[in-house]
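In what follows, a structure is listed as structure tokens, so that the remarks can point back to it.
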Amino acid sequence: MSGRNVERKPVILWFRHDLRLDDHPALLSAVATGHPLMCVYVFDPCVERSAVEGGAYRWWLRGALAALRKQLQSYGGTLLTLAGDAQDVLPRLAAEIGAVTVFAHQRVLAAERAQDQRLVEKLAQCGIGFQLEWGTVLRHPQDILTKDRYAYRVYTAFWKALRAVGAEAPVSAPQEIVFCGLSASLLADMRLNEERLRPVVPDWAAGMRASWRVDGKAGMQVLEAFVNDLCCDYAKARDYMAREGTSRLSPYLASGMLSPRRVWDVLAQRGDDGEGAQVFLSELGWREFAQYTLFHVPSLSYENVNPKFHAMPWRRSEQDLTAWQRGQTGVPIVDAAMRQLWQTGWMHNRARMIAGSFLTKHLLIDWREGEAWFRDTLVDYDPASNAMNWQWVAGTGIDAAPFFRIFNPTLQAEKFDPDGEYIRRWVPELGALSGKALREPWNASVTVLRSAGVELGQTYPRPIVGLPEGRERALGAFKAL
DNA sequence: TTTTGAGTTGTTCGA
DNA sequence: GTCGAACAACTCAAA
């Protein structure tokens with residue numbers, strides 16, 4: 001036997017929602033085997049409700065994969081990107097290179113867990129191991145249980161329990177990585193054409209490029225900037241839609257470019273116990289609660305958690321749904337929110353609640369319609385957060401939601417966009433209006449509208465539903481249950 | 001087992 | 001303008 005033949009067989013590191021090298025337990029485990037590494041990402045549009053279903057997330061993904069590849073290149077390796085059903089792709093890759101084990105992080109979406117289950121069996125048949133670890137959450141979902149060993153269904157109680165045990169400590173990126181060779185011909189027919197993740201005609205990503213930096217250092221830098229500059233005002237500032245008061249970390253967390261445990265640790269290291277830091281940590285707690293809840297309640301993403309709502313008489317109106325999606329409802333704050341989403345792939349947290357409440361209450365349209373639209377348009381799309389928050393706003397979720405939680409869009413605008421700056425930025429055709437007329441143009445006088453160059457029904461739509469009527473209709477429907 | 005207090009982010013109405 | 005109460009009834013979590 002020549003020396004070549006005793007070269008060790010490779011192991012596969014399968015990157016999924018963890019596109020980073022920092023705090024990557026699966027990577028450390030793979031490196032610790034001493035086998036050379038094949039790093040792979042599989043673009044798999046076959047998995048229902050997975051992030052890659054969304055156009056905006058695909059745009060983000062292209063940058064994230066490039067960033068990850070660059071990081072791997074600094075270690076002397078690279079990233080193989082493949083496309084197709086992972087159930088076929090992974091076994092074929094493993095067979096092709098003679099891999100002994102596949103390492104990856106656990107996922108929480110039901111369809112992804114089912115796929116992993118099938119892969120465990122499929123790989124085992126070929127004598128290949130599939131080792132899954134927890135690396136995308138603060139704690140294993142089984143670590144946080146009630147005294148009766150049930151999963152928490154109320155956030156506050158969950159949060160108290162999570163705070164009590166704290167997050168798992170993050171781990172550093174490996175010192176060095178030994179890679180196995182990657183020939184250009186390997187699985188040539190299964191390679192992902194990363195260019196195709198980018199929209200070409202029409203190029204709707206211009207606003208996203210202007211809004212986001214997608215590179216390997218960006219997540220950490222945004223985090224540093226947040227803790228240095230924004231964190232102390234976070235408790236209040238985060239509510240104002242025109243301000244840059246939020247952390248804007250969500251897409252880095254969703255893609256896994258940034259580890260939640262690293263975020264937790266950075267906050268902990270600073271020992272900042274001010275209100276801003278506490279409120280921010282609790283927002284990270286909400287992200288965790290979503291992951292946790294989807295793990296314990298797999299149907300979260302497609303079915304009302306509270307079965308009472310199965311009988312809900314949701315309205316079907318393509319016209320209203322489209323108006324909402326396009327930001328043409330005639331309610332300025334809602335339209336501003338929806339247009340911010342469309343143009344930048346992101347929406348301010350409070351705006352999400354307002355837009356979500358408007359869809360599910362005033363329009364009485366099924367939250368799953370909103371969930372699907374956000375899935376397609378958010379760069380920070382996360383199956384768990386998206387589903388849980390839609391169920392929260394619809395009142396169908398884990399939270400014993402008061403049925404009267406119906407946001408009044410104009411009151412919200414008055415409180416959280418007092419100068420109308422947010423509306424004016426995203427609904428420029430109303431730019432010459434101010435005050436109440438900007439928030440409720442349908443109540444403004446023709447004179448005021450005309451002098452602002454606004455003609456309702458022409459330059460800007462009349463509201464597709466009256467706010468009091470919509471509210472009453474929703475109250476009636478919810479009460480009837 | 002029973003009881004008790006509480007439940008992310010709200011709105012309206014009347015004093 | 002500000003403030004407190006009312007808005008159903010239910011489920012959860014812990015004592």
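The figures that follow rest on heavy atoms only: side chains count, while hydrogens, waters and symmetry mates do not. In what follows, every chain begins at residue 1, and chains take the letters A, B, ... in the order their sequences are listed. Model, not experiment: these values are computed from the prediction.
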- [ ] Quickly work out the A:Phe158 CZ to C:dT11 C1' distance and round it to whole Å.
- [x] 19 Å
- [ ] Measure from CE on A:Met353 to C1' on B:dT8 and round the result to the nearest Å.
- [x] 8 Å
Open item on the list: Over all strands shown, is A:Tyr150 touching base, sugar-phosphate only, or nothing at heavy-atom distances under 4.0 angstrom?
Closed with: nothing
Task: Proximity to the side chain of A:Lys415 - top-ranked nucleotide from B:dT11, C:dA13, B:dT9 - done: B:dT11
TODO: Using atom types as modelled and distance alone, determine if a side-chain donor or acceptor of A:Arg238 lies under 3.5 Å from a backbone N or O of A:Thr246.
DONE: no
TODO: Looking at every strand, decide which applies to A:Arg238 at a 4.0 Å heavy-atom threshold: base, sugar-phosphate, or nothing.
DONE: base
TODO: Indicate yes or no for a side-chain donor-acceptor contact from A:Glu288 to the backbone of A:Leu138 under 3.5 Å, with no hydrogens or angles considered.
DONE: yes
Open item on the list: Of the options C:dA14, C:dA8, B:dT12, whose atoms approach the side-chain atoms of A:Asn408 most closely?
Closed with: B:dT12
Task: Among B:dT12, C:dA13, B:dT8, the one nearest A:Trp392 by side-chain distance - done: B:dT8
TODO: Please give the nucleotide sitting opposite C:dA9 as a Watson-Crick or G-U wobble pair, both distances under 3.5 Å, or none.
DONE: none
Task: Counterpart base for B:dT8, defined by Watson-Crick or G-U wobble contacts under 3.5 Å - done: none
- [ ] Look at the side chain of A:Leu411 and decide which nucleotide, out of C:dA13, C:dA15, B:dT11, has an atom nearest to it.
- [x] B:dT11
Open item on the list: For the backbone of A:Ala86 and the side chain of A:Asp44, can you confirm whether one donor and one acceptor N or O come within less than 3.5 Å of each other?
Closed with: yes
Task: Interatomic distance where CD1 belongs to A:Ile406 and P belongs to C:dA6 [whole Å] - done: 20 Å
Open item on the list: Could you tell me how far C:dA6 sits from B:dT8 if I compare only their P atoms? Round to whole Å.
Closed with: 22 Å
Task: Result of checking A:Thr293, A:Leu162, A:Thr146 against A:Tyr152 for side-chain contact (heavy atoms from CB on, under 4.5 Å) - done: A:Thr146
Task: Among A:Leu449, A:Thr459, A:Leu438, side-chain contact (heavy atoms from CB on, under 4.5 Å) partner for A:Leu430 - done: A:Leu438
Task: Separation of atom OH in A:Tyr152 from atom P in B:dA6, rounded to whole Å - done: 17 Å
Task: OP1 or OP2 of B:dT9 under 4.0 Å from side-chain N/O of A:Gln412 - done: no
TODO: Write down the distance separating the P atoms in B:dG5 and C:dA8, rounded off to the nearest Å.
DONE: 22 Å
TODO: Just compare C:dA14, B:dG7, B:dT9 and give me whichever is closest to any side-chain atom of A:Thr156.
DONE: B:dG7
TODO: In whole angstrom, give the distance that lies between atom CZ of A:Arg153 and atom P of C:dA14.
DONE: 14 Å
Open item on the list: So A:Lys160, base contact, sugar-phosphate only, or nothing? Heavy-atom distance under 4.0 Å.
Closed with: nothing
TODO: Mark yes or no for a side-chain to base donor-acceptor pair under 3.5 Å between A:Trp286 and B:dT8, with no hydrogen or angle criteria applied.
DONE: yes
Open item on the list: Do A:Trp60 and A:Ser255 pair up side chain to side chain, a donor and an acceptor below 3.5 Å, judged on atom types alone?
Closed with: yes
TODO: Ignoring backbone atoms, establish whether A:Asn349 has a side-chain N or O less than 4.0 Å from OP1 or OP2 of B:dT9.
DONE: no
Task: Protein-nucleotide distance (A:Ile354, atom CD1; B:dT11, atom C1'), rounded to Å - done: 14 Å
Task: Rounded distance (Å) that lies between atom P of B:dT8 and atom CZ of A:Phe289 - done: 8 Å
Open item on the list: So if I take every side-chain heavy atom of A:Phe407 and compare against C:dA14, B:dT8, B:dG10, which nucleotide ends up nearest?
Closed with: B:dG10
Task: Ionic contact status for A:Asp203 with A:Arg209, cut-off 4.0 Å - done: yes
- [ ] Indicate whether OP1 or OP2 belonging to B:dT9 is found under 4.0 Å from a side-chain N or O atom of A:Arg350.
- [x] no
Task: Presence of A:Arg405 side-chain N/O under 4.0 Å of B:dT9 phosphate oxygens OP1/OP2 - done: yes
- [ ] May I ask you to evaluate whether A:Tyr155 reaches the phosphate of C:dA13, defined as a side-chain N or O under 4.0 Å from OP1 or OP2?
- [x] no
- [ ] To the nearest Å, give me how far apart CE (A:Met347) and P (B:dT9) are.
- [x] 20 Å
Open item on the list: Measuring only the P atom in each nucleotide, how far is C:dA5 from B:dA6? A whole number of Å is fine.
Closed with: 15 Å
